[in-house]
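Structure, as structure tokens:
Labels below follow one simple rule: chain letters A, B, ... track the order of the sequence lines, proteins then strands, and each chain is numbered from 1. Just so you know, these numbers come straight off a predicted model, no measurement behind them.
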There are 2 protein chains.
Amino acid sequence: MVTAPTTNADSLRADSARVRARMLTAARARMIDGDLELPMNAIAKAAGVGVGTVYRHFPSRQALLESLAAQSLQSLVGAAVSAAANPDVAAGLASLLGAALQRQLTDPALAEVLAATDAACLETLDLSRELGRAIGTLLDRARAAAVIRPDLTADDIRRLMSGVQHAVRIGSPTDADRYLEILLSGLRP
Amino acid sequence: MVTAPTTNADSLRADSARVRARMLTAARARMIDGDLELPMNAIAKAAGVGVGTVYRHFPSRQALLESLAAQSLQSLVGAAVSAAANPDVAAGLASLLGAALQRQLTDPALAEVLAATDAACLETLDLSRELGRAIGTLLDRARAAAVIRPDLTADDIRRLMSGVQHAVRIGSPTDADRYLEILLSGLRP
DNA sequence: ACCTGAACACCGTTCAAGT
DNA sequence: ACCTGAACACCGTTCAAGT
């Protein structure tokens with residue numbers, strides 16, 4: 001039995017996890033305050049750690065962003081899987097787009113991650129692919145039912161949703177539903 | 001006759017205009033190189049002037065951005081006025097949206113100015129209003145001809161075009177026409 | 001192993017000193 | 001009048017030194 005090293009590693013891991021959580025909390029607080037820049041030095045100070053520690057956990061701004069968005073992304077994947085399983089294909093599509101828009105508006109980190117071309121963390125890459133698959137399934141069914149243009153890909157949907165999010169962001173949240181209707185109507189064949 | 005002071009002021013103005021042009025050229029060069037940050041210090045160095053001079057001419061990043069976008073914006077206003085005068089309303093709308101998208105993709109400064117809520121320079125405000133009026137006229141005619149949803153405003157169009165631009169930017173320019181079709185189709189009643 | 005924080009490069013912005 | 005550029009504050013990023 002090797003309990004001592006394990007305990008040691010566990011306590012290290014526990015401490016590391018606590019520090020990590022403090023940094024993420026600090027970063028989130030800044031984002032909520034409207035600062036989307038995520039300055040590493042400022043986050044380190046707010047979390048009470050050295051800058052190097054922030055860099056150890058998050059090698060880049062993108063990595064930090066993805067960690068911030070992980071929960072939202074996970075939740076969006078769930079919504080997409082549900083939507084793809086909806087017997088009413090049109091309703092599934094509408095609910096997916098609604099979920100994607102709402103979550104992006106609530107979590108700016110998610111909006112940035114969905115707009116990014118590629119991922120910094122493997123976890124994000126996995127979730128991203130899972131999202132792509134769910135959307136793909138939904139699109140296949142929608143195409144077969146002739147409720148969408150035949151040329152749409154999962155990437156098109158991701159980008160167009162990012163576009164609608166952008167349009168709502170520079171306008172007012174009250175426009176969200178109308179802009180979503182416009183997109184949904186435009187997707188029909 | 002007071003020729004001397006006039007001459008003096010003229011030469012000052014001429015010099016000032018030359019310096020201003022050098023700064024705009026330097027800023028544009030950076031933008032073309034893919035740097036959308038417009039760092040004031042770097043622009044000053046590239047233009048061979050002191051930082052203070054950049055600030056004298058452009059009190060803020062936004063002001064510099066608007067000066068960079070002025071020509072594109074002017075040209076877009078022209079396209080909008082033409083489009084509003086097109087006897088074929090649907091064709092006018094399509095040509096306006098096409099012009100707006102193309103110019104935004106060509107000139108990132110224009111894209112940012114159109115996405116901004118308000119203007120830093122009076123000239124931009126004027127052009128912006130003129131653009132709004134032209135779009136408004138076009139929308140009125142389109143509504144009367146029942147070729148668009150009745151609830152669309154000029155601001156909606158500006159934001160949705162900004163959204164499509166965003167979607168194309170995070171994707172590929174080859175998607176521009178398809179995304180434009182989707183928007184146009186979504187705008188119909 | 002993990003963390004700290006000084007150090008360097010760079011950018012935003014101001015303003016006293018020059019012409 | 002207009003311009004210069006030093007100066008200060010701040011942020012990104014690295015890495016030698018600590019525990």
Partners of [X] by side-chain contact (heavy atoms from CB on, under 4.5 Å), sequence neighbours excluded?
| X | answer |
| --- | --- |
| R56(B) | none |
| D177(A) | none |
| Y55(A) | M40(A), V51(A) |
| R188(B) | S185(B) |

Show which residues join I32(A) in its hydrophobic cluster (side-chain heavy-atom contacts under 4.5 Å, direct or indirect), or state none.
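Listed partners: none, I32(A) stands alone.
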Sorted by chain and residue number, the side chain to side chain donor-acceptor pair (under 3.5 Å) partners of R61(A) (sequence neighbours excluded) come out as E112(A)
Intra- and inter-strand pairing of DNA chain D, written as dot-bracket with Watson-Crick and G-U pairs under 3.5 Å and | for the latter, reads ||.|||||...|||||.||
Under the side-chain contact (heavy atoms from CB on, under 4.5 Å) test against V77(B), which residue among R129(B), E130(B), R133(B) passes?
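In the set R129(B), E130(B), R133(B), the residue that makes a side-chain contact (heavy atoms from CB on, under 4.5 Å) with V77(B) is E130(B).
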Rounding to an integer number of angstrom, what distance separates [N] and [M] when you compare their [atom1] atoms?
| N | M | atom1 | answer |
| --- | --- | --- | --- |
| dC10(C) | dG5(D) | C1' | 16 Å |
| dA9(C) | dA6(D) | P | 16 Å |
| dC2(C) | dT13(D) | P | 22 Å |

Less than 3.5 Å apart, which donor and acceptor atoms pair up between the side chains of residues 120-128 of chain A and the rest of the protein, not counting sequence neighbours?
residue: T124(A); atom: OG1; partner: E66(A); partner atom: OE1; Å: 2.7

Can you build the contact string for nucleotides 3-16 of chain D? Use B for base contact, S for sugar-phosphate-only contact, and - for no protein heavy atom under 4.0 Å.
BBBB----SBBBB-
